[in-house]
Structure formats: C-alpha cells, structure tokens
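Below is one structure; the comments refer to it alone.
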Amino acid sequence: MIPKLFQWLIGLSVFMSIWVALVFDYVAVEFSKSNRQIVVLFPFYLLVVFAGYSLIVIGYRVATFNDCQEASEELKKQIQEAKQELTSRGFKFE
Amino acid sequence: MAGEKYSVLLPTYNERENLPIIVWLLVKYFTESGYDYEIIVIDDGSPDGTLAVAKQLENIYGKDRIVLRPREKKLGLGTAYIHGIKHAKGNFVIIMDADLSHHPKFIPEFIKKQKEGNYDVVSGTRYTGNGGVYGWDFKRKLISRTANYITQILLQPGASDLTGSFRLYRKEVLDKLVNACVSKGYVFQMEMVVRARQFGYSIGEVPISFVDRVYGESKLGGSEIFMFLKGLLYLFATT
C-alpha cells in the first residue's frame, strides 16, 4: 500500500491535470461564457464547500461531545470505597 | 474462556495516589466478570514512592495478580510496553493509563467486543456513541475535535479515537506494532492504530468515558499541538 501522502498527491494531480486541460483549452470542449467561469473557479468552489462542510461537522461534534458527569461522580464514590476497603485489608495510605 | 488470560500493562511515573485505586478497580471488575488476569506494573523509578505502593498491593492481592516489573529510570512508553510484553503471561494485553482517566469497568466490554468480531485490536473511543469526556472546557473540546477531524480525513485510520490509549491487543499483534512504531508520547498511540490498519489488523471499538485527571494535572499546550502536527505529517507520509 502506498502512503496516504502519495495517494493524495496522485488524486490531486489527476484533478489538476483535468482542470488545467479544460481551462487552457488543451482539449476541445466548447463552453458558454458562464460555464467557463464555473470551470475556472471550480477548485475554489470545492474548497469553499469543503471548508463549510468541515466547520459544520466540527461544530456539531463539539456541541454534541458528551460531558460524562455521572462517570466522574461514580469514580469519586469508587475512590472512597477503594480507600476504605484497601485500608481494611492493611493498605497504608500516606 | 478456557485458556484465555488478560495482562493489563500499567506504566507508572509518580502515580502513588492513583495506583491503589486503579488496581482496586481492576480487581473488582475482573473478579465480577470472571476473566483470568494479571496486572503488570512498570514503574520507571518514580521519586514519589509509587513502587512501595505497588509492593503493598502485591502483598494484598498476591504475586500472580500483581506483577512488579520496575525499571531504573524514565525510558518512554514504547519501551515500557516492550518490557511489559516480555513478562506478560496473557494471550491478550490491555494497555491503559494509571491516572484514573480510563475506567476498568470498560474492560469486560472490550473483551466482549473482541470475542464478537474476533478482533486483533479493540480501541476505546471518546468520539462515538456514549463515549465522552469529563473536565474539558470548550477550547479543549474544539482542539480535540478539530485534530481528530483532520486526522480522519488525512489518514483514514479505521478507528475513531487515535490519541486515546485505552486498548486491548492480541499479544503478538501488540508485540509487532510496538516494534514497528518509533514515535514518542501520545503520537505513539496514533502510530499504533494507524500501523494496525496498515498491517491489515482488524479493529473493534467500544465507547468510553474519559475522566480527566483526578489527581495531578493534565496538559495541552502549544508544544503538544506542535508534536501532534509533526506526528500527523510523519504518519501521512509513511503509512
């Protein structure tokens, strides 16, 4: 398996070659003026969409990150239990 | 369950207060669930007397349950695991922090999960299902989620929690992974899971609650973030 870095570079160069070929007319595709505009700005649009998607996903995950209040309380209780039982079995806390 | 044994590796450094509690909890949950186990304490010459505490616990619970394998000085996590594996009698190894942020109550769930899918690795995750954290403010959550998101995109590791270190491994799998990993600190934990994916090992996940340090302090500063980015790039380019 090739490293992720090179997988990304391969993907990126394939994408960029197609884009460059279209923008600089290396392939004969007829675009209307407004369509050409879209093609030229396509990488930029992709970036904006990806950035927006990322912000939404991260924001949602931060907002829904569980606060484990009960886990902390359970642990505090168990620490007391542990200390009592260990002491009764001869353990010396300093 | 015939013949199956679970070795818990507990690398410690200045955990005098936490060690008796974590051991008590481990004994409690292993006894209740009935799995065969041993707890291997690898103390790196803690100046606070962690080893003396471990010896008291050995006297209480017996030498077949509490196994002391101290080292002279602090030598790093990777070598602590190698050291521990050498002495582990179990066919499965559980690694966790001794600072009470990882609760032993999840271990029976790890074991159940492992059996369910015959997994090579079972990883605790704070990021899915009922998993979560206690004691983190907004900034810490934001950094954690962002770092995790970037890692998921770039590495596609097949596990949702890379920096957590509460996991169960087949012993031979852990042995192979530890020897293949070169990173330090918590990047080491990332590398372990990413290389597990690289080697084609199967990974199961169990949601866990992570309770940030009760005793002592936890850290997340600029240097941790820098280390994370460096580790991420290293793994991005090599796995």
Side-chain angles (χ1 to χ4, degrees), chain A residues 1-16 19 42-94, chain B residues 16-18 20-25 27-28 48-49 52-53 56-57 59-61 100-101 103-105 126-127 129-136 138 140-146 148-150 152-157 194 197-198 200 207-212 214-215 233 235-239:
Chain A
M1 214 23 194
I2 55 167
K4 292 282 172 212
L5 171 64
F6 300 105
Q7 295 179 26
W8 277 84
L9 286 177
I10 291 167
L12 193 67
S13 38
V14 168
F15 174 82
M16 287 311 281
W19 181 73
F42 193 67
F44 175 73
Y45 292 147
L46 265 188
L47 267 183
V48 170
V49 168
F50 177 68
Y53 169 79
S54 301
L55 285 179
I56 290 167
V57 169
I58 292 171
Y60 176 77
R61 288 179 180 173
V62 171
T64 57
F65 211 158
N66 288 332
D67 280 307
C68 304
Q69 188 74 41
E70 334 74 60
S72 159
E73 272 149 27
E74 180 191 22
L75 179 61
K76 276 184 200 141
K77 263 188 223 133
Q78 288 181 325
I79 289 173
Q80 295 314 315
E81 264 178 71
K83 284 184 173 168
Q84 276 172 17
E85 201 198 305
L86 283 166
T87 308
S88 75
R89 295 184 68 165
F91 185 89
K92 286 186 177 52
F93 289 93
E94 284 162 53
Chain B
R16 186 188 56 179
E17 286 182 274
N18 292 320
I21 315 290
I22 192 83
V23 167
W24 184 83
L25 286 167
V27 171
K28 173 181 159 73
D48 78 338
V53 164
Q56 283 198 63
L57 294 164
N59 289 334
I60 292 173
Y61 293 112
L100 300 178
S101 54
H103 199 295
K105 71 182 172 191
R126 297 162 288 182
Y127 298 113
N130 295 322
V133 290
Y134 174 77
W136 282 16
F138 175 78
R140 181 99 195 234
K141 284 181 176 176
L142 180 65
I143 293 172
S144 172
R145 281 297 199 184
T146 308
N148 185 260
Y149 179 78
I150 297 170
Q152 294 296 332
I153 298 267
L154 291 183
L155 300 180
Q156 289 135 35
V194 175
R197 185 258 296 149
Q198 188 188 22
I208 58 160
S209 54
F210 176 93
V211 177
D212 215 346
V214 177
Y215 300 111
L233 284 179
L235 292 173
F236 188 47
T238 61
T239 69

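Numbers restart at 1 for each chain; the letters A, B, ... are given by sequence-line order, proteins then strands.
Distance check: A/E70 CD to B/Y134 OH gives 10.5 Å after rounding to the nearest 0.5 Å. Once rounded to the nearest 0.5 Å, the distance linking CH2 of B/W24 with CZ of A/R89 reads 11.0 Å.
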Can you list, pair by pair, the side-chain donor-acceptor contacts under 3.5 Å of residues 44-64 of chain A, counting residues two or more places apart and other chains?
residue	atom	partner	partner atom	Å
A/S54	OG	A/F50	O	2.8
A/S54	OG	B/Y149	OH	2.8
A/T64	OG1	A/Y60	O	2.8

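Highest contact tally toward chain B, considering only A/D67, A/I2, A/N66, is held by A/N66 [criterion: heavy-atom pairs under 4.5 Å]. When the candidates B/N59, B/I153, B/N148, B/I22 are compared by the number of heavy-atom contacts under 4.5 Å with chain A, B/I153 comes out ahead. Options B/V133, B/T146, B/L235 differ in how many heavy-atom pairs under 4.5 Å they form with chain A, and the most are formed by B/V133. Residue with the most contacts toward chain B among A/A71, A/G90, A/A82: A/A82 (heavy-atom pairs, distance under 4.5 Å).
If you measure heavy-atom distances from B/L154 to chain A, the contacts under 4.5 Å come from both the backbone and the side chain. If you measure heavy-atom distances from A/E81 to chain B, the contacts under 4.5 Å come from both the backbone and the side chain. Residue contact with chain A, scored on non-hydrogen atoms closer than 4.5 Å, involves the backbone and the side chain of B/S209 alike. Using a 4.5 Å cut-off between heavy atoms, B/V23 does not touch chain A at all. For B/L233, no part lies under 4.5 angstrom from a heavy atom of chain A.
Note on ring orientation: taking the six-membered ring where Trp is involved, the planes of A/F42 and A/F15 are tilted (angle from 30° to 60°).
With hydrogens and angles disregarded, no donor-acceptor distance shorter than 3.5 Å links the side chain of B/R145 to the backbone of A/F65.
Counting only residues at least two apart or in different chains, salt bridge (charged side-chain N to carboxylate O under 4.0 Å, His left out) contacts with residues 42-55 of chain A are absent.
The nearest pair of heavy atoms linking B/V53 to B/P20 is CG1-CD, 3.6 Å.
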